[in-house]
Amino acid sequence: MDHFLYHNGVLHAESVPIPEIAAAVGTPFYVYSTATLVRHYGLLAEALASMPHLICFAVKANGNLAVLKVLGDLGAGMDVVSGGEYLRARAAGVPSSRIVFSGVGKTRSELRLALEGGIRQFNVESEPELRALSEIAASMGLRAPVALRVNPDVDAKTHEKIATGKSENKFGIPIARARAVYAEAAALPGIEVVGVDVHIGSQLTDIAPFRQAFEKVAELTRALRADGHTISRLDLGGGLGIPYARSNEAPPLPHDYGQVIRESVGSLGCEIEIEPGRFIAGNAGVLVASVIWLKEGEGRRFLVVDAAMNDLARPSMYGAHHDIVPVFEAAPGLEHGLYDVVGPVCETGDTFAKARALPEMGEGDLLAFRSAGAYGAVMASEYNARPLVPEVLVQGDHFAVIRARPSYDEMLGRDTIPAWL
Ligand code: LLP
């Protein structure tokens, strides 16, 4: 459930009519609902309530400082994958003691930055990273808290570009080699082994791969303890899917996800960390756009809107489906037409939907792309010199711009023409 509902035929974000935001901010823009973020976080907290746990929001899904602050104020930790994300989490007021650092290619300067800040945990993905981290930590007189990310060779049954748990993917240390790498870690002067980490992919709509992966982690944990390691934390990654199409998708419920965690690793007595991004933020945001033209093609009708693939990349990048709804609800029984919904960017790939049923629409009409709160604004670019799309946060009956649209001057001012030209 989210808080983007029609009241008197007008789509609202919580109690704010979306046309009111459109009038103030202009389109396109992202708008997020605080109540939805809070609700989704709460569902996960409830699902894990019987175990000691920390929910580390995956900053990559939505890195806006205001969004991070909403979650941080609830007690959330953060999962970051770059120095920039680490600094975003800190700037939103989240203490380092609740931040975990994931990623296959952390640079030495990023490792140092996080060590200086006193980070909770590094999820280390390779031997070279482990050795470098030990060297840097030891040179600072520290021991870096480490979980090794293992690759359990489990098929997450999701889109190939976001599956990470198969042995052919670049992620993690092959689980068969894990014990040897833990032995090396324990012998390094700058490393303190604290746990095991796994993440098998994103937008999982089937619970079975989670169970398979977590059972493998449980088995490994027992073996590592027998080898003499102290394993007090299990980071089980993110990946819980969300319904993108209201009609036909039924991803696992958080309660069932919690149960799988309890059944597979609960008896080990570890603190459980999870790294959800999409589950918390995905349905907490929509992208609002206006129709520029209705263009009649050869046997097709194109709805040309003022949002494009640079603002919401998921359809062009993954062929992803986003429900598209009119901001002014169609009268019941009104005839729907079939539209190709496209942006202004000069690529055929700039297509949000083909032959999508929508009520009659024309110039200036507002529409909303649902489920755009995760991997929406964060993946936006200024391709075609389109200024970065702004973001708005709603709480109850008020809203605030949480990232303004850059002016053309700001956009152009970032370039420099060398003196010799
Ligand atoms: N932890 C790690 C180590 C990850 O790599 C990811 C996502 C997450 C947590 C969060 O996963 P989530 O709970 O959001 O599924 N741009 C793609 C998604 C890429 C996901 C990358 N890693 C999309 O738009 O679908």
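Counting starts at 1 for both ligands and their atoms, following the listed order. For reference, positions follow the sequence shown, starting with 1. Just so it is clear, the structure is predicted and the values come from calculations on it, not from any experiment.
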*Phe369 and Phe352 aromatic ring geometry - parallel, tilted or perpendicular at 30°/60° bounds*: tilted

*Using the benzene-type ring in the case of Trp, are the ring centres of Phe210 and Tyr257 under 6.0 Å apart?*
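When the ring centroids of Phe210 and Tyr257 are compared, they turn out to be within the sub-6.0 Å range.
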
_Between Arg108 (side chain only) and Ile136 (backbone N and O only), is there a donor and an acceptor less than 3.5 Å apart?_
no

_Any side-chain to backbone donor/acceptor pair from Glu110 onto Gly83? Under 3.5 Å, distance only._
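Yes: the side chain of Glu110 pairs with the backbone of Gly83.
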
*So which of Arg149, Glu275, His199 actually passes side-chain hydrogen bond (donor to acceptor under 3.5 Å, both in side chains) with Asn123?*
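Testing Asn123 for a side-chain hydrogen bond (donor to acceptor under 3.5 Å, both in side chains) against Arg149, Glu275, His199 leaves exactly one candidate, Glu275.
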
*Indicate yes or no: does Arg120 engage Glu271 in a salt bridge with an N to O separation below 4.0 Å.*
yes

Find all protein N or O atoms under 3.5 angstrom from an N or O atom of ligand 1 and list the pairs with distances, or write 'none'.
unit_1: ligand 1; atom_1: 1 (N); unit_2: Asp79; atom_2: OD2; d: 3.3
unit_1: ligand 1; atom_1: 1 (N); unit_2: Glu275; atom_2: OE1; d: 2.6
unit_1: ligand 1; atom_1: 5 (O); unit_2: Lys60; atom_2: NZ; d: 3.4
unit_1: ligand 1; atom_1: 13 (O); unit_2: Gly239; atom_2: N; d: 2.8
unit_1: ligand 1; atom_1: 13 (O); unit_2: Gly277; atom_2: N; d: 2.9
unit_1: ligand 1; atom_1: 14 (O); unit_2: Gly277; atom_2: N; d: 3.4
unit_1: ligand 1; atom_1: 14 (O); unit_2: Arg278; atom_2: N; d: 2.8
unit_1: ligand 1; atom_1: 14 (O); unit_2: Tyr375; atom_2: OH; d: 2.6
unit_1: ligand 1; atom_1: 15 (O); unit_2: Ser202; atom_2: OG; d: 2.4
unit_1: ligand 1; atom_1: 15 (O); unit_2: Gly239; atom_2: N; d: 3.3
unit_1: ligand 1; atom_1: 16 (N); unit_2: Tyr318; atom_2: OH; d: 2.8
unit_1: ligand 1; atom_1: 24 (O); unit_2: Arg314; atom_2: NE; d: 2.6
unit_1: ligand 1; atom_1: 25 (O); unit_2: Arg278; atom_2: NH1; d: 3.1
unit_1: ligand 1; atom_1: 25 (O); unit_2: Arg278; atom_2: NH2; d: 2.9
unit_1: ligand 1; atom_1: 25 (O); unit_2: Arg314; atom_2: NE; d: 3.3
unit_1: ligand 1; atom_1: 25 (O); unit_2: Arg314; atom_2: NH2; d: 3.0

